[in-house]
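Report on the structure given below.
A note on names: the letters A, B, ... follow the listed sequences, proteins ahead of strands, and every chain is numbered from 1.
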4 protein chains.
Amino acid sequence: MPKISDARKESRRQQILDAARRCFAREGFHATTTADIARESGVSQGTLYLYFATKDDVILALADDRRESEALVHAMAQSEQDPAEGLALLLEVYGRSLADPARDEARRVGVQGWAEALRNPTIRAGVTAGMAEVRTELVRLVERGRAAGRFRDDIDPDAVARTLIATFQGLTLQAAWGEPLDLGGIGRLLRAMIRGALFTEPSFADATQPRDRE
Amino acid sequence: MPKISDARKESRRQQILDAARRCFAREGFHATTTADIARESGVSQGTLYLYFATKDDVILALADDRRESEALVHAMAQSEQDPAEGLALLLEVYGRSLADPARDEARRVGVQGWAEALRNPTIRAGVTAGMAEVRTELVRLVERGRAAGRFRDDIDPDAVARTLIATFQGLTLQAAWGEPLDLGGIGRLLRAMIRGALFTEPSFADATQPRDRE
Amino acid sequence: MPKISDARKESRRQQILDAARRCFAREGFHATTTADIARESGVSQGTLYLYFATKDDVILALADDRRESEALVHAMAQSEQDPAEGLALLLEVYGRSLADPARDEARRVGVQGWAEALRNPTIRAGVTAGMAEVRTELVRLVERGRAAGRFRDDIDPDAVARTLIATFQGLTLQAAWGEPLDLGGIGRLLRAMIRGALFTEPSFADATQPRDRE
Amino acid sequence: MPKISDARKESRRQQILDAARRCFAREGFHATTTADIARESGVSQGTLYLYFATKDDVILALADDRRESEALVHAMAQSEQDPAEGLALLLEVYGRSLADPARDEARRVGVQGWAEALRNPTIRAGVTAGMAEVRTELVRLVERGRAAGRFRDDIDPDAVARTLIATFQGLTLQAAWGEPLDLGGIGRLLRAMIRGALFTEPSFADATQPRDRE
DNA sequence: TATGAATGAGACTTCATTCAT
DNA sequence: AATGAATGAAGTCTCATTCAT
């Protein structure tokens with residue numbers, strides 16, 4: 001009985017979260033009412049409160065999108081051997097995510113989470129934790145590259161991590177706004193910038209040129 | 001009388017906007033009430049509505065911070081002759097702004113404007129217009145650099161513009177969150193990336209190395 | 001089988017009522033939820049409704065505490081022969097009840113029942129019926145005392161009944177509030193007042209002085 | 001401007017409190033909604049919250065009826081010279097209040113305040129403070145009577161105070177329930193009881209017999 | 001022009017009760 | 001008989017906006 005019940009409970013929770021994401025993406029956190037979420041998820045308002053203590057709890061569960069940062073960390077961790085390959089994978093995974101229309105809502109909700117993080121400490125904690133994971137992994141990757149002699153010695157790993165993440169964030173923002181991004185061109189430029197600034201020899205661009213997407 | 005009255009009116013408006021900025025930076029757009037703004041600006045709620053038609057009007061006036069983009073555009077326009085200098089100036093002006101504690105509130109309000117732009121078309125128009133100006137000027141700058149033979153031919157001006165702006169946005173976001181940014185290191189890295197990717201010869205870094213600030 | 005089932009049912013009912021009394025004493029009728037009662041009694045909310053039709057039904061079953069009035073009536077009925085003894089017993093039984101910490105919860109719930117009786121006719125009926133029984137028995141006791149020549153002729157039995165009951169109620173109220181009552185002193189005073197106002201000769205006090213408790 | 005404004009404010013507050021008292025007397029604290037109070041007082045719900053922070057605030061302002069205890073204290077303080085007269089006045093003032101139909105609502109609300117005092121510390125403080133004032137004054141009165149040789153030496157002032165107050169409370173309760181009280185008879189009995197228990201000589205009853213009311 | 005009391009729609013949340021399992 | 005998830009009506013309180021002074 002507990003197993004079925006637990007599975008049910010989790011699926012119900014997801015059903016509500018999915019509805020909430022749609023609402024939040026459409027109207028924003030604050031313009032979305034709990035009635036909206038209930039209606040969209042097909043449950044009563046009372047039921048909503050069986051699964052989440054408050055509306056803020058729902059926001060909390062969505063504002064911090066672990067999947068994005070997990071995917072990025074995973075990409076970098078894949079290529080223990082070759083830091084260059086790790087960077088290339090990172091760009092590719094992130095580019096793919098940016099181009100994915102299925103992630104439109106997540107992006108919009110994510111940007112709202114950034115704003116919410118400014119005044120909600122719990123949300124801030126979640127959001128910056130996700131960022132910190134990616135940053136840590138990036139720093140390690142750059143350090144490995146330096147140790148292997150692939151990256152220049154005068155490169156600051158932390159600056160690289162912060163800067164790349166900042167660029168990703170800005171592109172996410174523009175994508176959320178529906179700005180027309182030429183991801184192919186931007187990807188090529190990013191690879192060129194990385195190659196020019198990080199690498200000891202100019203092999204990066206050619207070696208990592210992905211099969212042209214989008 | 002109209003002139004004096006106009007000046008009065010404008011000063012009153014600014015007084016309210018300054019108060020609103022402080023409130024918004026502290027609590028966010030939605031958690032700030034019109035009563036909060038009135039109290040903080042020292043006028044009555046009724047008076048508030050003599051200067052702004054709705055609360056959204058106040059948000060609108062603050063969400064889109066022209067000063068930032070105007071400064072950037074101005075920096076680039078300064079150096080009609082030398083595109084490299086234009087880029088250097090851009091980085092410097094933006095770095096100075098990022099490091100300026102006096103702009104803390106503007107940054108926080110700006111990030112909230114980004115989220116608000118997702119669902120408020122008017123705000124979106126304002127915010128993206130500011131971004132478009134900077135982008136246009138950047139594109140022109142890169143094109144001039146290519147024409148002058150300073151920049152590589154295979155560089156996509158639009159990608160450069162979008163990417164640099166994205167990076168600025170991401171850094172603004174992290175600064176708004178209070179993340180500790182090593183702006184010196186980040187500036188050096190950015191110059192290296194730009195030099196490596198854009199320039200036909202590696203003079204950028206040295207020529208533009210600013211008197212060390214941070 | 002029906003007999004066992006009935007016993008089970010009754011014990012279950014009591015289990016729920018005991019839990020409800022604890023809840024009501026702690027939080028009051030209105031601040032106690034049916035979920036509270038269910039939790040405290042260790043049954044599910046659904047089960048609660050197998051034993052009581054509504055929450056008001058539970059309140060009803062507790063607001064009117066028959067045990068108190070039954071004990072008082074019984075005390076008076078004991079001494080058919082000597083009305084003085086009846087009064088003495090009444091005071092003693094009531095004093096014992098007032099001093100009994102085990103009746104703390106019942107007192108608190110009782111006081112809430114008084115308030116509830118103001119707007120719930122059914123509760124009012126129950127509460128005033130209990131009071132009426134005590135009153136009737138007191139009136140009969142005083143009348144017997146008058147007939148036997150022990151009590152003064154100009155005494156109004158109804159006034160005596162109402163007044164004594166009122167005093168009991170007030171003391172119950174103060175005890176429920178946790179006021180420090182010197183029950184010994186109050187008992188002595190009450191006996192003196194009764195003796196002075198009711199009796200034809202001043203034997204009451206000495207004859208009825210109980211072995212000092214409290 | 002402030003004087004008019006203050007007067008207005010106070011009158012508005014009273015208007016709301018009067019309406020609330022009517023509602024509470026009719027339906028009880030908990031069954032009365034803030035919408036009920038607003039409707040009954042002829043203001044909007046929003047306005048209600050301009051004058052009271054919460055519904056509990058309104059309850060608080062009504063649960064503790066200072067007027068009653070103040071009147072009683074005043075009655076006792078009047079007759080500095082003659083304690084007997086003080087007691088007589090006390091009974092008379094209280095009897096008058098009990099018989100006053102204009103105080104019906106106050107009585108009903110008061111009884112609800114007793115119940116509320118069980119779980120709301122602030123209300124408890126207010127209610128018991130009122131009781132303490134009357135008690136203190138009664139104790140002082142009895143002590144004066146003993147010092148003057150009018151009252152017996154073996155009388156416990158505190159017991160007298162507690163017991164008389166308890167009787168008043170119980171009679172208030174019964175009056176609130178609409179029980180038919182023969183106040184004349186009860187008053188006579190109370191005087192007889194006081195005379196018999198407190199006085200050194202039996203002059204009380206005759207000396208203080210009031211012009212027969214009710 | 002300035003005020004601030006008044007408004008009322010609507011948000012979030014609770015809770016007594018039901019019912020499928 | 002027992003469960004506990006689900007319901008939805010209703011309650012308290014907030015707040016952007018208006019308007020008489």
(request) Applying side-chain hydrogen bond (donor to acceptor under 3.5 Å, both in side chains), name anything that partners D:R22, two or more places apart in sequence or on another chain. (result) D:E40
(request) Using the test side-chain hydrogen bond (donor to acceptor under 3.5 Å, both in side chains), find all partners of C:D104 that sit at least two apart in sequence or belong to another chain. (result) C:R107
(message) At a heavy-atom distance below 4.0 Å, what parts of residues 20-39 of chain B sit against DNA chain F?
(response) B:T32, B:T33, B:T34
(message) Please tell me if C:T47 has a side-chain N or O lying less than 4.0 Å from either OP1 or OP2 of F:dT3.
(response) yes
(message) Using side-chain heavy atoms (C-beta onward) and a distance below 4.5 Å, is A:W177 in contact with A:V111?
(response) no
(message) If the condition is side chain to side chain contact (heavy atoms under 4.5 Å, CB included), which residues does C:Y51 pass it with, not counting sequence neighbours?
(response) C:K9, C:R12, C:R13, C:I16, C:T47
(message) So, does B:S44 get its side chain near the phosphate of E:dT3, meaning an N or O under 4.0 Å from OP1 or OP2?
(response) yes
(message) Which residues pass the side-chain hydrogen bond (donor to acceptor under 3.5 Å, both in side chains) test with D:R124, not counting sequence neighbours?
(response) none
(message) From C-beta outward on D:Y51, which listed nucleotide comes closest to its side chain: F:dC13, F:dT7, E:dA6?
(response) E:dA6
(message) Run through DNA chain E and report every stem of 3 or more consecutive Watson-Crick or G-U pairs, distances under 3.5 Å, ordered by first number.
(response) E:2-21 with F:2-21
(message) Rounded to whole Å, please give me the gap between CZ in C:R8 and P in F:dA1.
(response) 12 Å
(request) Round to the nearest Å and state the distance from C:K9 atom NZ to F:dA2 atom C1'. (result) 13 Å
(request) Take the protein atom OH of D:Y49 and the nucleotide atom P of F:dC15, then report the distance between them rounded to whole Å. (result) 13 Å
(message) By nearest heavy atom, map D:V43 and B:R12 onto DNA chain E; which one lands nearer the 5' end?
(response) B:R12
(message) Rounding to an integer number of Å, can you tell me how far A:I16 CD1 sits from E:dT13 C1'?
(response) 15 Å
(message) Suppose we call a contact any N or O donor and acceptor under 3.5 Å apart; does that hold for the side chain of A:Q45 and the base of E:dC12?
(response) no
(request) Can you tell me which residue pairs pass the ring-ring contact (aromatic ring centres under 6.0 Å, His included) test with a partner in residues 12-39 of chain B, sequence neighbours excluded? (result) A:H30-B:H30, B:F24-B:F29
(request) Using the test side chain to side chain contact (heavy atoms under 4.5 Å, CB included), find all partners of B:N120 that sit at least two apart in sequence or belong to another chain. (result) B:D56, B:T122, B:I123
(message) Please enumerate all residues that pass side-chain hydrogen bond (donor to acceptor under 3.5 Å, both in side chains) together with D:R39, with sequence neighbours excluded.
(response) D:D36
(request) Not counting sequence neighbours, which residues clear side chain to side chain contact (heavy atoms under 4.5 Å, CB included) with D:A31? List them please. (result) C:R119, D:E27
(request) Measure the shortest side-chain to side-chain distance between A:F52 and A:L60 over non-hydrogen atoms and say whether it is less than 4.5 angstrom. (result) no
(request) Quickly work out the C:L50 CG to E:dC19 P distance and round it to whole Å. (result) 13 Å
(message) Please enumerate all residues that pass side chain to side chain contact (heavy atoms under 4.5 Å, CB included) together with B:A129, with sequence neighbours excluded.
(response) none
(request) Using a cut-off of strictly less than 4.0 Å between a heavy atom of the residue and any atom of DNA chain F, enumerate the qualifying residues of residues 53-64 of chain C by number. (result) none
(request) Find the distance C:L48:CG to E:dC15:P and express it as a whole number of Å. (result) 15 Å
